[in-house]
Amino acid sequence: MKKIVLGISGGVSFLIFLILLFITNHLCRSQLSQQAAARWSKEGNVSQVSCFFSVNAKITADSIEEFEHTIDGALTDASVVQESENAGARLWADAYSADGQITLTTDRGRLSADAIGIGGDFFLFHPEELLYGSYFSGNDLMQDYCVIDEDAAWQLFGSSDVAGMTVDIGGQSHIVTGVIRRESGRLAEAAGLDSTLVYVSYQTLSELGKSNGINHYEIVMPNPVSEFAYKYIKEHLGSDEKNVEVVENSTRYSLLSRLKLLGGFGTRSMNGKAIIYPFWENIARGYEDILAVITLFGLLFLAYPVLMALVFFIIWWRHKGWTLRDVRLKLQDKAERQAEKFRARKNKGGVLGEGISEEKRPREKKPKEKMPKEKKRIRRKKVDDLGYLDEPGRKRGNGWKRNGWKR
């Protein structure tokens, strides 16, 4: 009875471990801002890396452009070339952004909101949930576009379906290309998504709003060897280590990363750099802490059934009726029998005494004895008397039946 109870408890513990593992995988996949590498390539040979700068880093659009010009050369030196036949295919993509504030005006009202000025393929890394319209790119020739959240749409137009309408920013008309649903919840609000948010081009924010400077840079690029992309960006982006923090997004939720986080859990909240993280990084770091705790409980629930299985194995091992020597001798005997059978098949047809039994040895044919001529004559005469032959020594065919001949 005791063994049954222990077995059931071990099974329940293992089931809880599987449930926690499922929750962990679901939470990891739900963080779309951390999955750009998986969306870029299904083969797993690319890496997503994010950089966060302090105000003193003084990163500009020109310095990022200079860095971009070095990437293709570095990939060529690493023997990474474009193999796609599509003329528009790219090996890498990047984006940069800046926090700030901006004022939008329509005939219906005026709104001062938090803004993010973007450059490059920002929405490739942050596919916000679109309600209406589409995204825009920071690489577009025309920079008079914006994406607003649902709250801003209601305040400015009294409706959320406003894609294609225009707003005034600093005296210049901007087209609303899309309306998004801002992420909600306790974790999102704590991360900074507690007010209206607008996305504009970096040029618009710099010239017509209030910008805090470029403080985020993200890239997805080939990763031919482990940490190639991470190390290259960290060494060549042009900012000292005190003013930048580089994050490997592709592996931040891996089991090894979560175990490392558990090891340094007490020092995780300490930050000696003057860096203000954007809302998506704050959310990602919050999920890192949650996943680390879930991983800890998952390991504890897994340890119990594994320990029980080990105890049962030890008990069974001590009470077994055989030893490893018995198994070895039995296997050795079986191997010798198989070898003997193999030799017997191989020597089949050889000399008796070399593995071939007397029953299986082919029998020798005895020569036929010749019949004396006198007996042959007597036999032939008898056959002639019976009518089997037309002439002595010559058989009649089957025609004797058709002609009515009888024996």
Side-chain angles (χ1 to χ4, degrees), residues 31-98 116-127 137-141 201-203 213-254 256-257 260 273 275 277-278 280-281 284:
Q31 300 304 297
L32 299 180
S33 64
Q34 310 299 311
Q35 305 295 325
R39 294 191 297 271
W40 186 260
S41 174
K42 303 298 182 182
E43 299 177 0
N45 56 353
V46 298
S47 179
Q48 177 187 355
V49 181
S50 297
C51 303
F52 305 100
F53 307 103
S54 69
V55 178
N56 299 325
K58 297 180 180 179
I59 299 294
T60 64
D62 292 336
S63 63
I64 290 178
E65 186 175 353
E66 292 177 4
F67 169 75
E68 291 173 339
H69 291 160
T70 68
I71 297 176
D72 290 328
L75 293 177
T76 302
D77 294 340
S79 300
V80 179
V81 295
Q82 180 61 263
E83 298 178 354
S84 176
E85 298 179 356
N86 185 0
R90 296 180 294 171
L91 283 173
W92 55 273
D94 66 344
Y96 58 90
S97 55
I116 296 179
I118 68 171
D121 297 304
F122 178 84
F123 291 105
L124 170 69
F125 297 88
H126 306 282
S137 173
N139 294 323
D140 294 335
L141 293 177
S201 67
Y202 175 70
Q203 178 181 338
I214 295 176
N215 43 16
H216 326 122
Y217 176 76
E218 301 163 279
I219 185 172
V220 57
M221 62 181 290
N223 195 47
V225 296
S226 179
E227 294 189 342
F228 170 82
Y230 173 82
K231 291 180 179 178
Y232 181 80
I233 294 168
K234 192 172 184 179
E235 295 173 1
H236 295 84
L237 195 53
S239 182
D240 62 276
E241 190 174 349
K242 294 182 179 180
N243 294 313
V244 63
E245 182 165 351
V246 184
V247 177
E248 173 77 53
N249 304 84
S250 308
T251 58
R252 75 182 308 168
Y253 292 143
S254 66
L256 181 60
S257 298
K260 289 181 178 179
K273 301 177 181 180
I275 296 175
Y277 297 113
W280 62 84
E281 177 63 15

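For this chain, numbers begin at 1 and follow the sequence in order. When reading the values below, keep in mind they use all heavy atoms of this one structure, side chains included, and skip hydrogens, waters and symmetry mates.
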Requested in this report: Start with the C-alpha gap between Glu281 and Ser50, add the side-chain angles, then the distance that decides, and say whether side-chain hydrogen bond (donor to acceptor under 3.5 Å, both in side chains) holds.
Outcome: CA-CA 9 Å; Glu281 177 63 15; Ser50 297; 5.6 Å; no
Query raised in the report: What is the distance from atom CZ of Phe67 to atom CD1 of Ile59, rounded to the nearest 0.5 Å?
Result: 10.0 Å
Query raised in the report: Between atom CD1 of Ile275 and atom NZ of Lys242, what is the distance when rounded to the nearest 0.5 Å?
Result: 13.0 Å
Query raised in the report: Do you know which two heavy atoms are closest between Ile71 and Met221, and how far apart they sit?
Result: CG2-CE, 4.2 Å
Query raised in the report: From Glu248 CD over to Gln48 CD, what is the distance, rounded to the nearest 0.5 angstrom?
Result: 8.5 Å
Report task. Could you please spell out the steps behind the side-chain contact (heavy atoms from CB on, under 4.5 Å) verdict for Asp94 and Asp121? Result -> CA-CA 6 Å; Asp94 66 344; Asp121 297 304; 5.6 Å; no
Query raised in the report: Quick one: does Tyr230's side chain get under 4.5 Å of Val246's, heavy atoms only?
Result: yes
Query raised in the report: Are the side chain of Tyr253 and the backbone of Ala284 linked by a donor-acceptor contact shorter than 3.5 Å?
Result: yes
Requested in this report: Indicate yes or no: at least one non-hydrogen side-chain atom of Phe125 is less than 4.5 angstrom from one of Ile118.
Outcome: no
**Report entry** Straight-line distance of Phe123 CZ to Ser137 OG, nearest 0.5 Å
**Finding:** 9.5 Å
Report summary line: side chain to side chain donor-acceptor pair (under 3.5 Å) test vs Ser97 passes for just one of Glu218, His216, His126, namely His216
**Report entry** Donor-acceptor contact below 3.5 Å, side chain Asp77 vs main chain Ala74
**Finding:** no
Query raised in the report: Does the side chain of Arg252 reach to within under 4.5 Å of the side chain of Val247, using non-hydrogen atoms?
Result: yes
Query raised in the report: Do the side chains of Trp40 and Arg90 get nearer than 4.5 Å, heavy atoms only?
Result: yes
Requested in this report: Establish, yes or no, whether a centroid distance under 6.0 Å links the rings of Tyr217 and Phe53.
Outcome: no
Requested in this report: Taking the side chain as every heavy atom from C-beta outward, state whether Asn215 and Val55 have any atom pair closer than 4.5 Å.
Outcome: no
Query raised in the report: Closest heavy-atom contact between Pro222 and Leu91?
Result: CD-O, 3.1 Å
Query - Sub-4.5 Å side-chain heavy-atom contact between Ile116 and Tyr202 - result: no
Report summary line: Interatomic distance, CD1@Ile219 vs CD@Glu68, rounded to 0.5 Å, equals 7.5 Å
Query raised in the report: Given the rule in the ring pair (Phe, Tyr, Trp, His ring centres under 6.0 Å) test, do Trp280 and Phe52 qualify, once you have shown the distances and angles that lead to the verdict?
Result: CA-CA 12 Å; Trp280 62 84; Phe52 305 100; 7.3 Å; no
Report summary line: Smallest heavy-atom separation, Gly120 atom then Tyr96 atom, equals N-CE2, 4.4 Å
Query raised in the report: Does any donor atom in the side chain of Asp72 or Thr76 lie under 3.5 Å from an acceptor atom in the other side chain?
Result: no
Requested in this report: Please round to the nearest 0.5 Å and tell me the distance separating atom CG of Leu237 and atom SG of Cys51.
Outcome: 5.0 Å
Query raised in the report: Do you see a donor-acceptor pair shorter than 3.5 Å between the side chains of Ser47 and Asn223?
Result: no
Query - Any donor-acceptor N/O pair, Thr60 side chain to Ser63 backbone, under 3.5 Å - result: yes
Query raised in the report: Taking atom types as modelled and ignoring hydrogens, do the side chains of Thr70 and Tyr232 form a donor-acceptor contact shorter than 3.5 angstrom?
Result: yes
Query raised in the report: Judged by modelled atom types alone, do Thr251 and Ser254 share a side-chain donor-acceptor pair under 3.5 Å?
Result: no
